[in-house]
Undergrad: 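My questions will all concern the structure given below.
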Amino acid sequence: MGTRVAGAVAVLALAAGATLGVGAWRSYQADEKKKEVELAAEQASRREALTRPPSPVPSQSTAPRATTQGTERGPGPGLSAERPASDPITTLPVTPTKKQTEEPTQKAPEAELRTLTAASRTLLLKNAYTGLCADISYYGAGKKGDAVSQYYCDGTDKDNQLWRMTAPRPGAGPGGRDLVQFANLKDGLCIDLPTRGAQPAGTGLMEAECTGTMGDNQLWWFEQVDSTSVWIRNFASNHLCLKVNGTGSEKTERAQLLVIGSCGSRDDSRWQLID
């Protein structure tokens with residue numbers, strides 16, 4: 001009886017040991033599988049972090065524009081968002097700094113004139129007394145022999161008041177000043193006097209082929225009058241000044257002819273060169 005009981009206990013022990021061994025093995029396999037899944041997930045996360053592009057850095061050009069109440073400000077009622085071509089642009093005055101105000105307000109005349117004639121320039125010849133500009137009749141290209149007069153300043157290529165100033169004889173004028181000529185931008189003809197050589201006061205200006213020679217009378221030189229104006233003197237004609245024809249109120253009339261004559265510090269012989 002004792003032997004049978006011992007044998008039964010032994011059989012039960014073996015069966016229990018077998019059962020416990022299978023359970024432990026399955027638990028071990030489950031743990032290993034879980035570790036493999038977690039490791040694979042961690043590796044995938046690292047690869048994604050390494051290959052993901054960096055976030056873009058916002059720049060000033062791509063920053064959103066300031067808005068008012070959630071919407072961009074636009075033109076007012078009835079106004080276009082674009083400036084019309086004819087709408088003038090206003091230049092605001094600039095307040096000089098302390099350093100600027102301490103500097104001289106006017107350059108020496110010689111330095112000013114050297115700067116003035118240092119390079120070819122396209123400009124208006126505006127009379128400081130009448131406020132009118134050197135002009136050719138009508139709006140198109142002039143021709144040889146056409147008179148030069150004054151008219152309301154236009155300043156665009158629609159009219160024929162733009163002149164190309166060049167200095168064909170640099171340093172050849174009085175005091176080493178440059179001798180310049182003025183060619184009309186539309187027709188290429190120069191401001192000239194009739195025939196050649198010196199002409200008397202009252203001689204009218206005309207257009208002619210540009211020569212740039214000392215023997216002709218289409219070369220001019222500048223003398224400073226004040227900080228804003230110059231005399232334009234004819235080199236061949238005893239250094240007489242470019243001015244407006246007439247003796248009285250007709251000087252301020254449009255289409256009045258331009259002539260050479262005596263220079264005055266407060267009259268119509270003063271000119272402004274407007275780029």
Side-chain angles (χ1 to χ4, degrees), residues 103-129 133-136 142 144 148 150 153 155 160-244 258-275:
E103 294 177 351
T105 56
Q106 181 178 348
K107 298 178 182 178
E110 292 78 13
E112 182 76 21
L113 296 177
R114 280 197 298 271
T115 301
L116 185 66
T117 59
S120 173
R121 300 170 62 186
T122 299
L123 41 77
L124 290 169
L125 301 177
K126 182 178 180 179
N127 192 277
Y129 178 79
C133 286
D135 181 76
I136 307 298
K144 289 188 291 185
V148 181
Q150 65 174 3
C153 298
N160 47 27
Q161 301 175 353
L162 294 176
W163 304 87
R164 172 69 69 180
M165 181 185 75
T166 56
R169 301 290 171 173
R177 291 179 172 87
D178 295 340
L179 296 181
V180 303
Q181 63 185 11
F182 303 100
N184 190 273
L185 213 61
K186 278 205 170 180
D187 53 42
L189 299 174
C190 277
I191 294 178
D192 195 10
L193 295 170
T195 66
R196 298 173 71 86
Q199 300 298 313
T203 302
L205 274 61
M206 54 181 282
E207 282 197 305
E209 295 287 348
C210 301
T211 63
T213 63
M214 303 289 283
D216 209 340
N217 47 30
Q218 56 185 229
L219 295 177
W220 308 79
W221 59 279
F222 299 121
E223 184 173 356
Q224 198 90 25
V225 181
D226 51 41
S227 60
T228 61
S229 63
V230 296
W231 286 321
I232 303 177
R233 292 179 175 269
N234 189 269
F235 178 72
S237 300
N238 301 310
H239 311 297
L240 292 174
C241 278
L242 175 61
K243 61 189 307 179
V244 183
L258 301 183
V259 298
I260 54 172
S262 60
C263 305
S265 60
R266 300 178 64 85
D267 65 6
D268 56 295
S269 60
R270 296 174 297 117
W271 294 84
Q272 298 171 337
L273 308 184
I274 311 297
D275 283 298

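For this chain, numbers begin at 1 and follow the sequence in order. On a predicted model such as this, the values are computed, not experimentally measured, just so you know.
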Undergrad: Taking all non-hydrogen atoms of both residues into account, name the closest pair between Ser265 and Val225 and its distance.
TA: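 Minimum heavy-atom contact is O-CG1, 4.1 Å.
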
Undergrad: Distance from Cys153 atom SG to Leu124 atom CG, nearest 0.5 Å?
TA: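 Here the rounded value is 6.0 Å.
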
Undergrad: Can you tell me how the ring of Trp220 sits relative to the ring of Phe182, calling it parallel under 30°, perpendicular over 60° and tilted otherwise?
TA: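 Trp220 and Phe182: tilted rings.
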
Undergrad: Let me confirm one number: the CD1-CG distance from Ile260 to Leu242, rounded to the nearest 0.5 Å.
TA: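 So the gap between those two atoms works out to 9.0 Å.
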
Undergrad: Do Asp226 and Arg270 have side chains that get closer than 4.5 Å, going by heavy atoms?
TA: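 A side-chain contact exists here, since the closest heavy-atom pair is under 4.5 Å.
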
Undergrad: State, to 0.1 Å, how close Asp268 and Tyr129 come at their nearest heavy-atom pair, and which atoms those are.
TA: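 For Asp268 versus Tyr129, the nearest heavy atoms are CA-CB, 3.6 Å.
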
Undergrad: Kindly give the heavy-atom pair with the smallest separation between Gln272 and Thr228, and that separation in Å.
TA: CG-O, 3.3 Å

Undergrad: What's the spacing between Arg196 CZ and Asp216 CG if we round to 0.5 Å?
TA: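 If we round to the nearest 0.5 Å, Arg196:CZ and Asp216:CG are 4.5 Å apart.
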
Undergrad: Tell me whether Trp271 contacts the main-chain N or O of Cys133 through its side chain, where contact means a donor paired with an acceptor under 3.5 Å.
TA: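 No, because the side chain of Trp271 does not come within donor-acceptor range (under 3.5 Å) of the backbone of Cys133.
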
Undergrad: Could you give the distance from OG (Ser269) to CZ (Arg233), rounded to the nearest 0.5 Å?
TA: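 Answer for the OG-CZ pair, Ser269 versus Arg233, is 8.5 Å.
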
Undergrad: Shortest non-hydrogen contact from Gly261 to Ala201?
TA: CA-CB, 4.1 Å

Undergrad: Output, in order, the C-alpha distance, side-chain angles, deciding distance and verdict of side chain to side chain contact (heavy atoms under 4.5 Å, CB included) for Met206 and Leu193.
TA: CA-CA 6 Å; Met206 54 181 282; Leu193 295 170; 5.9 Å; no

Undergrad: Could you please spell out the steps behind the side chain to side chain contact (heavy atoms under 4.5 Å, CB included) verdict for Ile136 and Val148?
TA: CA-CA 5 Å; Ile136 307 298; Val148 181; 3.9 Å; yes

Undergrad: Would you call Leu273 and Ile232 a side-chain contact if the rule is heavy atoms closer than 4.5 Å?
TA: yes

Undergrad: If I take atom CG from residue Leu179 and atom CE from residue Met214, how far apart are they, to the nearest 0.5 angstrom?
TA: 5.5 Å

Undergrad: Looking only at heavy atoms, what is the nearest atom pair of Ala167 and Asp178, with distance?
TA: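 Looks like CB-CB, 4.1 Å.
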
Undergrad: Counting N and O atoms only, with roles assigned by atom type, does the side chain of Gln218 sit under 3.5 Å from a partner on the main chain of Gln181, one being a donor and the other an acceptor?
TA: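 Not at all, since once roles are kept as given, no pair shorter than 3.5 Å links the two residues.
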
Undergrad: Quickly, which of Leu125, Leu258, Asn160 forms a side-chain contact (heavy atoms from CB on, under 4.5 Å) with Asp135? Name it, please.
TA: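 By the side-chain contact (heavy atoms from CB on, under 4.5 Å) criterion, Asp135 pairs with just one of Leu125, Leu258, Asn160: Asn160.
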
Undergrad: Hey, is the main chain of Ala236 close enough, under 3.5 Å, to the side chain of Asn234 for a donor-acceptor pair?
TA: yes

Undergrad: Return the CZ to CD1 distance between Arg121 and Ile274, rounded to the nearest 0.5 Å.
TA: 9.5 Å

Undergrad: State, to 0.1 Å, how close Leu185 and Thr122 come at their nearest heavy-atom pair, and which atoms those are.
TA: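 Nearest heavy atoms, Leu185 then Thr122: CD2-CG2, 3.9 Å.
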
Undergrad: Check step by step if side chain to side chain contact (heavy atoms under 4.5 Å, CB included) holds for Trp221 and Thr117.
TA: CA-CA 9 Å; Trp221 59 279; Thr117 59; over 6 Å; no

Undergrad: Does a side-chain heavy-atom distance below 4.5 Å link Cys263 with Lys243?
TA: no

